[in-house]
Amino acid sequence: TFSGAAMAAPPTPEMLSYACAGCHGTNGSSAGLSMPSLASQSKSAIVDAMKKFKSGDRPSTVMGRLAKGYSDADFDAMGNFYSKQKFHPTTQMVDAAKAKKGADLEDANCSRCHIDQGKDGKDDTPVMASQWLDYLKMQAELYDSGKRKMPKDMADKWNKLSKEDREALLHFYASQK
Amino acid sequence: ATQGPAVSAGSAADIMPKGSARRVVVVGGGYGGAIAAKYVRMLDKSIEVVMIERNDHFVSCPFSNLYIGGLIKDLDPLTIRYDKLTANHGVKVLQAEVTAVDPAAKTVVTTKGTLKYDRLIMSPGIDFRLEEMKGYDAAAMDLMPHAWKAGPQTVLLRKQLEAMKDGGTVVMSVPLAPYRCPPGPYERANMISLYLKQHKPKSKLIMLDANPDVSSKGALFKKGWKDNYANIFEYRGAKKVTEVDAKNRSVIIEGIDEVKGDVVNVIPPQRAGRIAVAAGLVGDDKNWCPVNPTTFESAKHKDIHVIGDACIAGAMPKSGYSANSEAKICAQNVVALMNGKPTTDMSGINVCYSYVTADQAISVAAVYTVKDGKIVGVPNSGGVSPIDYSQAKSEAIYAHSWLKNILTEMST
Ligand SMILES: Cc1cc2nc3c(=O)[nH]c(=O)nc-3n(C[C@H](O)[C@H](O)[C@H](O)COP(=O)(O)OP(=O)(O)OC[C@H]3O[C@@H](n4cnc5c(N)ncnc54)[C@H](O)[C@@H]3O)c2cc1C
């Protein structure tokens, strides 16, 4: 016989979310260099990403297979948990000149949605400040190849920029703390 | 490593008298133990946590195959220490060998003295069923390494491969499942084949697998072998090695067929770490520890929890990721039990990445839940990477980050 095991309650947000940290870092603060941090992302950004992974709307290597193991209520719980974790500032090897160029481009192109230099995740917009550069680059490749879909207003801006400008913006966001 | 005068001996003196605080003792500072110790403290600072580990550092088995293949130059990126677990979380680390557990008195005996516990979490990993591998004693291990516990054995296998002449034969033996890390032997075959292809292309690798067929990610591994290592690697299923002849550098299949190699890597059959057996925690199979799927409390002894490779966790495989996930489930429910709160149903994950070439990796992933008292995979979820290897380059990049994150989790 086991003490107290018979009346176990359904998984708590912690029970669900801790399991992700082997890849995303304790409380969603990734140690890099390519697994994205989840800490302080908005709840809806996480829920939206998980739903799209699950349906296949958003391409993934592993997240699609994992997301299929959870319900919408689980996504809400995990979104809640990670949105409450402290922002994870990172120190990365970014190209200073590129980051500077990105700084000049972001206001006119991205700041309407990726607000506060990407530190604030509004609605379903992911936090990009301090996000790992290798991750951002891999996602940018998915956007460029058309495999990952962007919001229409983001596409309008993105598609007008050169490949170099896009990369500069990623260096800018990765360097923000 | 500290080594007591004799493994059965321990000191009787209570080295860490228990104050008024409740205490969890954790045995083992590996993939399961370090996480359990940290998460108990993260969840309840009023519980004292003492983690007992025989070594002052830990070397990761995950990615040790990449070192053997030459993709990683030394074991530093695979090595962690515990000072930040102490500084950040107040985990007390005791470097000692645990020699006995007394479930009635609720004490553990170590080479440095005894300690009392309120709850004990054991994550001692594996030891070998040497009685099923005739002739494979300590001296034989120095000649034919297992490299199934990372450290000097891993370095020895690499050195032997480096010293081997071009045109030599490498032999690997794989035990019947369950063993630590189902895809591990096949990843090792990839990494040894890669090294041979690059540096000793006239050489061969023969795998003698006791299992009838590749026991994890079979179709993916076979495609990898066909596309990359067809002239180097030969897989032979249903070949159970039962005996070694160390002087002859050969292995013997079911007492009959002898296969000789210039380098021989013997992966023996396994069971729960010796201390789990000594503590009376293994079940009817005499090898692995049955546990409650919600709390990981032992089915044999109250107030003792077993996680990681040593336990029987239903559908969860014996992997580092599973041990990490089990440790968190166990820590949450141990803290709940100690505070008289209801326990929570488990929700767990396993993902194992395996390298195939220098820049390609494949993975298996699953989400686990508890159903009718058993840990099962959530239906219609998880699975393996696409068979066309279309994701393999991205997965190789993410795999490196997985290692960094999971080792950082264990050490900070
Ligand atoms: C070649 C190889 C590749 C692998 N690759 C992967 C991979 O890519 N991904 C993955 O998820 N898993 C992988 N694994 C599996 C993984 O290493 C194990 O599943 C994992 O280490 C299990 O964790 P554990 O806590 O049970 O044991 P361990 O991590 O082995 O920790 C046990 C610890 O307990 C200590 N200990 C034992 N007995 C005592 C005692 N009596 N007193 C004091 N201390 C004691 C040991 O020194 C050790 O530090 C691989 C394994 C191998 C061999």
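Quick note on labels: first sequence line is chain A, next is B, and so on, each numbered from 1.
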Any B:R119 side-chain heavy atom under 4.5 Å of B:I47 side chain: no
Donor + acceptor pair across side chains of A:D74, A:S71 (<3.5 Å): yes
Side chain, backbone, both or neither of B:V370 within contact of chain A (heavy atoms, under 4.5 Å): neither
Contact origin within B:S394 toward chain A - heavy atom pairs under 4.5 Å: both
Heavy-atom proximity to chain A below 4.5 Å, by part of B:Y398: both
Chain B interface, residue from A:C20, A:G32, A:P10 that has the most non-hydrogen pairs under 4.5 Å: A:G32
Chain A contact via B:Y39 - which portion, at a heavy-atom distance below 4.5 Å: side chain
Pair A:D123, A:S44: side-chain N/O donor-acceptor within cut-off below 3.5 Å: no
A:M63 vs A:M50 side-chain heavy atoms within contact, under 4.5 Å: yes
Donor + acceptor pair across side chains of B:H400, B:Y353 (<3.5 Å): no
Options B:G383, B:A336, B:S325, ranked by heavy-atom pairs under 4.5 Å with chain A, top entry: B:G383
Residue, of B:I349, B:V378, B:N324, B:L43, that accumulates the most heavy atom pairs under 4.5 Å with chain A: B:I349
Structural part of B:L407 lying under 4.5 Å from a heavy atom of chain A: neither
A:K163/A:D144 salt bridge by N-O under 4.0 Å criterion: yes
Heavy-atom side-chain contact between B:M42 and A:N27 under 4.5 Å: yes
Pairs of heavy atoms under 4.5 Å with chain A: top-ranked of B:K38, B:Q391, B:Q332: B:Q332
Residue selection (most heavy-atom pairs with chain A, distance under 4.5 Å) from B:A365, B:G382, B:G373, B:P379: B:G382
Residue selection (most heavy-atom pairs with chain A, distance under 4.5 Å) from B:T344, B:L403, B:I406: B:T344
Contact class of A:M35 relative to chain B, heavy atoms under 4.5 angstrom: both
Any side-chain donor near an acceptor of the partner, B:E409 and A:T26, under 3.5 Å: yes
Note: A:D156-A:K152 ion pair, threshold 4.0 Å (strictly below): yes
Most chain B-contacting option - heavy-atom pairs closer than 4.5 Å, from A:E141, A:M15, A:H24, A:K54: A:M15
